[in-house]
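Residue numbers begin at 1 in each chain, while the letters A, B, ... track the order of the sequences. All values derive from a computational prediction rather than experimental measurement.
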Amino acid sequence: MPVVRASKAFIPTLKEAPTDAQVASHRLLVRAGFVRQLGAGLYDYLPLAKRSLSKIEAIIRQEMDAIGAQEFYLPALHPAEIWRESGRWDVMGDNMFRLKDRKGGDYCLGMTHEEIFTAIARDELRSYRQLPQVWYQIQTKFRDEPRPKSGLLRVRQFTMKDAYSFDVDAAGLDRSYDDQRGAYERIFSRCGLDFVAVQAHSGSMGGSGSQEFMVRTDAGEDLVAACPKCRYAANTETATSRLEALPDQPWEGAPERFATPGVVTIEALQRQPYGVGARRQLKTLVYLADGRPVLAVVRGDHDLNEAKLQTATGASEVRPAHPEEILPLLGARPGSLGAVAFTGAPVFVDPAVAARTNMVTGANEDGFHLRGVDVKRDLLGHGKVAELRTVKAGEGCPRCDGTLDVFKALEVGHIFKLGTKYSDALRANVLKADGVETPIVMGSYGIGVERILAAAIELHHDQDGIRWPLAIAPFHATVLPLGQEPELVQAAEQVVAALAGAGVEVLYDDRDERPGVKFKDADLIGIPVRIAVGKKGLAQGQVEWKLRGSKDVALVPLAEVAARAAALVRQATAGAPA
RNA sequence: CGGGGCGUAGCGCAGCCUGGUAGCGCGUCUGCCUUGGGCGCAGAAGGUCGUCGGUUCGAAUCCGGCCGCCCCGACCA
């Protein structure tokens, strides 16, 4: 095992981090000399980072290979045609980096590789006998994120392990999907991450089902709803909850229009003289789904979830309508909108209000509302029930009698049952045993490599720096001679040689620095085992053994450290498939 | 895309309001000193003040355009 000497290594640590680093992983990666920023969402990975990233990739490879997945390496530069075939050249919009070649042909930088892998399957797979196939690669992806942020957590160029499964039928897909899920659990565990697998929104990938692997951290951008009593856990983009049924006072006859001058908020309608509780109001929101207007109706005190609206409409993109788009459509401004008897656009109604009666909503006339609205009678004739609202912490679990917890989380992996969306689009078919041609049933499975790195730091750090899980630490151990005296240096080099001989990866801090500097850097970089060689200990033939995660310092005979470190490394990196 | 902030030495910042000398800390280099938690002393190097234009005798400072970066709201590994 080669030894790295700190005096020669490029490990540019900093006393102060740039102020624009907001999250712990970003701050520490910069301070500890792992990364530097090149541009918005673009990072230089320096040698320390490269070492850790390579370890993460190695774990991913081992687990992929263990379930029979085969590694590929495909281009990151794609001709536009293949994306046009699947229809995603347009769907991906501004998130895709696009460019032209010298002849004027359209190209893009790959955001993901469903199209490319599916094209290979289409061209090469003919028979069900060749299935299942599970293919993967570890490769660079490019996404022109509207807002890169949080260091490595949201960037424009990143490394993804993406895998694709090809089966004859849904049962085969289920098996491939389960294999991947198992591999993902082992990968994240081995990388030292606590994670939860949650039910997820499929977004632009399409398909029937998907799960995200989430790391619970405030640095994350997703919200997960989870039940501590049962296994239920879902991204709030799909999570549902159990709500108490609300009693409604009876109301005879048709809705009644009443004047509400100047009232344009739920809040205002709650106040006197109206006194209409938010839970008795219908909130009507106007959105454009792929450019076409739609209405979303939720309870007054509930929040619309745009991802759910996207699912309900089947659109690839939804956005709130501008006020000037709303007025001509509904004849009123926001604040007086309602969906009663409105057929000018599709209407979606949240289940929480589907059975309600005697509700109040806008009359589509500025300054007027309607009361006595019976949702089933007045809205569901033309409208459709669809999950639209965002669940909140404290609501009932939809699966048991528990109470939902809602927390922030970072997505590190996502697995999808794609079905035949891409095989249909690209005509990737095989012949079944009965001689009939059938579209290949696909799954797609992604892991963000740099996100694992950053997530591990979010989970494992303290005031002094990073506390790497041993399996993905840039080095297993660091050896610090606490002075330049020949006997110290000689003893340190003896320890270093023994460690290297025992298969331990060592950073040897041979710099002519004061002990304080070496201790600070060792803590900052976060190497799991620190072996300090000082005069006092050496007089007894001992060196200091300290683990980054603990306060305890042990004196260990010089001759025993290597075996001790090797045992620790063996134990911590166990779990690799044979 | 909507809103806010910033751009001055490698890093962190002051100077700008009220135009005229570009400064501080850390880091770097040299020497001495020190050697168990980012020591101490002395000396030194290092800046087209993001960029283009305007105002002015004179612009880091005032005005305008552009570029870049960060943060807050809608997207994803």
> Please work out if G39(A) contacts a base, only the sugar-phosphate, or nothing of the nucleic acid, heavy-atom cut-off 4.0 Å.
sugar-phosphate
> Just call it for R451(A): base, sugar-phosphate, or nothing, with non-hydrogen atoms closer than 4.0 Å on any strand.
base
> Looking across every strand, which nucleic acid part, if any, lies under 4.0 Å from G483(A) by heavy atom: base, sugar-phosphate, or nothing?
nothing
> I'd like the P distance from A59(B) over to G53(B), given in whole Å.
13 Å
> What's the CD-C1' distance between E221(A) and G73(B), to the nearest Å?
12 Å
> Return the nearest nucleotide to the side chain of K520(A); candidates are G36(B), C76(B), G38(B).
G38(B)
> Assess whether one donor atom and one acceptor atom, taken from the side chain of R147(A) and the base of G2(B), lie less than 3.5 Å apart.
no
> Quick one: the side chain of E513(A) and the base of G38(B), do they pair up donor-acceptor inside 3.5 Å?
no
> May I ask you to evaluate whether T112(A) reaches the phosphate of A77(B), defined as a side-chain N or O under 4.0 Å from OP1 or OP2?
no
> Going by atom types only, do E237(A) and N305(A) share a side-chain donor-acceptor pair under 3.5 Å?
no
> Taking the P atom in each of G50(B) and C11(B), what is the distance between them to the nearest angstrom?
13 Å
> Return the value, rounded to whole Å, for the distance between atom CG of L42(A) and atom P of G68(B).
12 Å
> Please determine if E185(A) and R190(A) form a salt bridge, counting it only when a charged side-chain N lies under 4.0 Å from a carboxylate O.
no
> Check the orientation of Y43(A) and H26(A). Use parallel for under 30°, tilted for 30 to 60°, and perpendicular for over 60°.
perpendicular
> Counting the atoms with a prime plus P, OP1 and OP2 as sugar-phosphate, which does D521(A) contact under 4.0 Å by heavy atoms, base, sugar-phosphate, or nothing?
base
> Taking atom P in both C26(B) and C69(B), compute the distance separating them and give it to the nearest angstrom.
31 Å
> Would you kindly check whether a donor in the side chain of N95(A) faces an acceptor in the base of C76(B), or vice versa, at under 3.5 angstrom?
no
> Please classify the nucleic acid contact of E16(A) as base, sugar-phosphate, or nothing, using heavy-atom distances under 4.0 Å.
base
> Below 4.5 Å, heavy atoms only, C-beta onward: do V506(A) and H476(A) meet side chain to side chain?
no
> Which part of the nucleic acid, if any, lies within reach of P18(A) when heavy atoms closer than 4.0 Å are counted: base, sugar-phosphate only, or nothing?
sugar-phosphate
> Please report whether the ring centroid of F72(A) lies less than 6.0 Å from that of W135(A).
yes
> Rounding to the closest angstrom, what is the interatomic distance between C71(B) and A42(B) at atom C1'?
44 Å
> For the side chain of F519(A), counting heavy atoms from C-beta on, which of G36(B), G27(B), C75(B) is nearest?
G36(B)
> Just the rounded figure in Å: distance from P of G36(B) to CD of Q484(A).
13 Å
> R36(A) near the nucleic acid: base, sugar-phosphate alone, or nothing, with a heavy-atom cut-off under 4.0 Å?
nothing
> Go nucleotide by nucleotide along RNA chain B from the 5' end; which of L524(A) and Q22(A) gets its closest nucleotide reached first?
L524(A)
> With P as the reference atom in both, quote the distance from C29(B) to A74(B) in angstrom, rounded to an integer.
48 Å
> Nearest whole Å is fine: how far is C76(B) C1' from D144(A) CG?
13 Å
> Checking contacts here: which listed nucleotide (C69(B), A77(B), G36(B)) is nearest the side-chain heavy atoms of L482(A)?
G36(B)
> For a quick check of understanding: with a heavy-atom distance under 4.0 Å over all strands, which category does E544(A) fall into, base, sugar-phosphate or nothing?
base
> Base, sugar-phosphate alone, or nothing: which one does V155(A) contact when heavy atoms must sit under 4.0 Å apart?
base
> Students often get this wrong, so: under 4.0 angstrom with heavy atoms, is S150(A) touching a base, only sugar-phosphate, or nothing?
sugar-phosphate
> When the ring planes of W83(A) and H78(A) are compared, do they come out parallel, tilted or perpendicular, using 30° and 60° as the limits?
parallel
> Could you give the distance separating U61(B) and G54(B) at their C1' atoms, to the nearest angstrom?
15 Å
> Could you check whether atom CG of D464(A) has more than 12 heavy atoms from other residues, nucleotides or ligands sitting under 6.0 Å from it?
yes
> Indicate, with yes or no, if the rings of Y445(A) and F416(A) have centres closer together than 6.0 Å.
no
> Quick one: D44(A) CG to C69(B) P, roughly how many Å, whole number?
13 Å
> Need one value for K518(A): base, sugar-phosphate or nothing, where a base atom within 4.0 Å counts as base even if backbone is also close, heavy atoms only.
nothing
> Quick one: which of C39(B), C71(B), G12(B) gets closest to the side chain of V517(A)?
C39(B)
> C6(B) and C16(B): how far apart are their P atoms, nearest whole angstrom?
14 Å
> Expressed as a whole number of angstroms, how long is the span from N235(A):CG to A77(B):C1'?
14 Å
> Using the P atom as the point on both nucleotides, what is the distance between A9(B) and A14(B), in whole Å?
12 Å
> So, is Q37(A) close to the C70(B) phosphate, meaning a side-chain N or O under 4.0 Å from OP1 or OP2?
yes
> Kindly say if K535(A) contacts the phosphate of G36(B), meaning a side-chain N or O under 4.0 Å from OP1 or OP2.
no
> Over all strands shown, is T159(A) touching base, sugar-phosphate only, or nothing at heavy-atom distances under 4.0 angstrom?
nothing
> What's the closest nucleotide to the D523(A) side chain, out of C70(B), G37(B), C72(B)?
G37(B)
> Base, sugar-phosphate, or nothing for D94(A), non-hydrogen atoms under 4.0 angstrom?
nothing
> Could you tell me the separation between the CZ atom of R511(A) and the C1' atom of G38(B), rounded to a whole number of Å?
10 Å
